[in-house]
Amino acid sequence: MSFQRVAIIGLGLQGGSIGLAVQEFLPGAVTTGYDLSPENRARAAQRGLVHKVCDTAEDAVREADLVIFCVPPGAMGEAAAPLREVIPAHALVSDVGSSKQAIAKALGEALPDHLVIPAHPVAGTENSGPDAGFAHLFRNRWCIVTPPEQTDLLKLSALVEFWETLGANVEIMTAEHHDLVLAVTSHLPHLIAYTIVGTASDLEDVTQSEVIKYSAGGFRDFTRIAASDPTMWRDVFLSNKDAVLTMLQRFTEDLTALQRAIRVGDGQMLFDHFARTRAIRRSIIEEGQDDSRPDFGRGDHDGGAAG
């Protein structure tokens, strides 16, 4: 099966990019969209992010066979609940959120009569809003699909095909495993970035102008990540708090070990640690998830802060 009518709730970076990608790579499909913000709806219509921007979420989903919620994790249930009687019974419901267990629970409770197969395209930039979307956001990026037990295999296959058509590489795993993996590969790095940028801005002996003027590449990369949508990331940390706290404890222990090595002058420990982490960077490049150019391969639209 293939999806002919795709409804997108939330027309920011992810939703707008899906809308543009569907129009480019699935030209036979019809897209409708809705955003809670009137300004975002107007801008989405100007940019043509979907074929039709609707004034209500009900109008957007009324004839859909695929509904994708592209709202912050904490708003999933609230956005979905009023649509329970409007979304067609045969329609598949999915999302793009970064924490799967909490979102699966929220959408399942809000739409108990519908099949919900959560998904997470691991792609993004530090930009947000309807101006941030672009059709190739998902090209060569991973999309993790976390189906519930005993799901409809035909619709699962259709969702996998949908994301592959938009350019993504698809991996299927449990929601629990997803949340643990993303806690270390995405959520913890964002927490560190928010922290170190905040620390730099709070230092009394370093003026703000010096932080900006003398920013080295590493700090600039932290500021790029820390520029990500604060509403979304607040919700990510709260909705995936158990996995994040587990990884944060492990990170704290590792940081303490490095602190001790620096204090006692254990150069060998530092060298061994840096050599191991350097190898991880090379593996990421070999996997095609980045490249070795000085700009980290991001260019104008690639890379950025992925949720």
Side-chain angles (χ1 to χ4, degrees), residues 14 72-76 95-106 118-126 128 141-142 144 146 171 173-203 206 211 215-264 266 269-270 272-281 283-284 287 289-290 296 303-307:
Q14 294 282 341
M76 289 286 178
D95 74 298
V96 297
S98 185
S99 52
K100 301 288 26 133
Q101 293 182 84
I103 289 175
K105 183 175 185 291
H120 175 207
V122 188
T125 75
E126 66 272 25
S128 59
R141 303 299 181 187
W142 285 101
I144 301 173
T146 60
E171 184 80 19
M173 64 179 66
T174 66
E176 293 82 0
H177 189 63
H178 166 279
D179 287 356
L180 189 63
V181 170
L182 269 293
V184 68
T185 61
S186 176
H187 305 168
L188 184 58
H190 277 79
L191 188 63
I192 294 169
Y194 281 120
T195 303
I196 196 169
V197 173
T199 298
S201 69
D202 290 341
L203 289 175
V206 178
V211 169
S215 290
F219 185 76
R220 287 198 301 271
D221 214 43
F222 276 125
T223 62
R224 177 186 59 82
I225 296 173
S228 302
D229 180 17
T231 299
M232 182 189 77
W233 281 102
R234 175 202 63 196
D235 288 359
V236 166
F237 290 125
L238 294 178
S239 62
N240 196 28
K241 64 180 180 180
D242 290 340
V244 169
L245 289 173
T246 297
M247 291 303 162
L248 185 58
Q249 179 60 38
R250 174 60 187 270
F251 174 75
T252 302
E253 293 169 0
D254 291 344
L255 193 61
T256 299
L258 288 173
Q259 183 180 21
R260 181 182 182 280
I262 294 172
R263 182 184 299 112
V264 303
D266 189 348
M269 186 273 191
L270 294 172
D272 291 345
H273 183 79
F274 298 157
R276 181 166 60 88
T277 56
R278 185 185 188 190
I280 293 174
R281 169 65 185 169
S283 296
I284 291 173
E287 286 289 326
Q289 293 303 298
D290 212 336
F296 293 87

Engineer: Give me the atom names and distance for the closest heavy-atom approach of Ser186 to Trp233.
Structural biologist: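 Smallest interatomic distance, heavy atoms only, reads OG-CH2, 3.4 Å.
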Engineer: In terms of side-chain geometry, is the basic nitrogen of Asp95 or Lys100 positioned less than 4.0 Å from the acidic oxygen of its partner?
Structural biologist: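 Judged by the 4.0 Å cut-off on N to carboxylate O distance, Asp95 and Lys100 do form a salt bridge.
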Engineer: Could you check whether Thr146 and His120, counting side-chain N and O atoms only, form a donor-acceptor pair closer than 3.5 Å?
Structural biologist: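 Judged by distance alone, the side chains do not pair up.
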Engineer: Could you check if a side-chain atom of Leu188 sits within less than 4.5 angstrom of a side-chain atom of Val244, using non-hydrogen atoms only?
Structural biologist: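 A side-chain contact under 4.5 Å is absent here.
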Engineer: Quick one: does Asp266's side chain have a donor or acceptor within less than 3.5 Å of a partner on Ala261's backbone?
Structural biologist: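 No: the side chain of Asp266 does not pair with the backbone of Ala261.
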Engineer: Looking only at heavy atoms, which two atoms of His187 and Phe237 are closest? And how far apart?
Structural biologist: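 Closest approach of His187 to Phe237, heavy atoms only: O-CE2, 3.2 Å.
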Engineer: Who are the side-chain hydrogen bond (donor to acceptor under 3.5 Å, both in side chains) partners of Glu253, not counting sequence neighbours?
Structural biologist: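 Testing Glu253 for side-chain hydrogen bond (donor to acceptor under 3.5 Å, both in side chains), a comparison that skips the adjacent residues, returns Gln249.
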Engineer: Please list, chain by chain and in numerical order, all residues satisfying side chain to side chain contact (heavy atoms under 4.5 Å, CB included) with Ile196, sequence neighbours excluded.
Structural biologist: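 Per chain and number, Ile196 pairs via side chain to side chain contact (heavy atoms under 4.5 Å, CB included) with Phe222.
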Engineer: Quick check: do Ile192 and Phe251 have side-chain heavy atoms less than 4.5 Å from each other?
Structural biologist: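 In short, these two side chains touch, coming nearer than 4.5 Å.
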Engineer: Can you tell me how far the OG1 atom of Thr256 sits from the CZ atom of Arg263, to the nearest 0.5 Å?
Structural biologist: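 CZ of Arg263 is found 9.0 Å from OG1 of Thr256.
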Engineer: Taking all heavy atoms of Ser98 and all of Val236, pick out the closest pair and write down the distance.
Structural biologist: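 It is CB-CG2, 3.9 Å.
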Engineer: Nearest 0.5 Å, what's the CG-CE distance between Leu180 and Met173?
Structural biologist: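 One gets 10.5 Å once the value is rounded to the nearest 0.5 Å.
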Engineer: Measure the spacing between NE2 of His190 and OG1 of Thr195 and express it to the nearest 0.5 Å.
Structural biologist: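 Going from the NE2 atom of His190 to the OG1 atom of Thr195 covers 12.0 Å.
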Engineer: Step by step, work out the side chain to side chain contact (heavy atoms under 4.5 Å, CB included) result for Arg234 and Leu238.
Structural biologist: CA-CA 6 Å; Arg234 175 202 63 196; Leu238 294 178; 4.1 Å; yes
Engineer: Looking only at heavy atoms, what is the nearest atom pair of Ala183 and Pro189, with distance?
Structural biologist: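 Shortest heavy-atom separation between Ala183 and Pro189 comes out as O-CD, 4.2 Å.
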Engineer: How many angstroms lie between CD in Glu171 and CD1 in Ile144, if you round to the nearest 0.5 Å?
Structural biologist: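 Reported to 0.5 Å precision, the distance equals 7.5 Å.
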Engineer: For Gly97 and Ile103, which heavy atoms make the closest approach, and how far apart are they?
Structural biologist: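 Shortest heavy-atom separation between Gly97 and Ile103 comes out as CA-CD1, 3.5 Å.
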Engineer: What's the separation between atom CG in Leu182 and atom NE2 in His177, rounded to the nearest 0.5 Å?
Structural biologist: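 One gets 10.0 Å once the value is rounded to the nearest 0.5 Å.
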Engineer: Kindly write out the residues that satisfy side chain to side chain contact (heavy atoms under 4.5 Å, CB included) with Arg276, not counting sequence neighbours, or none if the list is empty.
Structural biologist: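 Partners of Arg276 by the side chain to side chain contact (heavy atoms under 4.5 Å, CB included) criterion, ordered by chain and then number, come out as His273.
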Engineer: Is a side-chain donor or acceptor of Gln14 paired with a backbone partner of Ala123 at a separation under 3.5 angstrom?
Structural biologist: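 Confirmed, Gln14 side chain pairs with Ala123 backbone.
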Engineer: If you measure from CD1 on Ile262 to CE on Met269, what distance do you get to the nearest 0.5 Å?
Structural biologist: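 One gets 9.0 Å once the value is rounded to the nearest 0.5 Å.
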Engineer: What are the two closest non-hydrogen atoms of Asn240 and Ser99, and how far apart are they?
Structural biologist: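 It is CB-CB, 3.8 Å.
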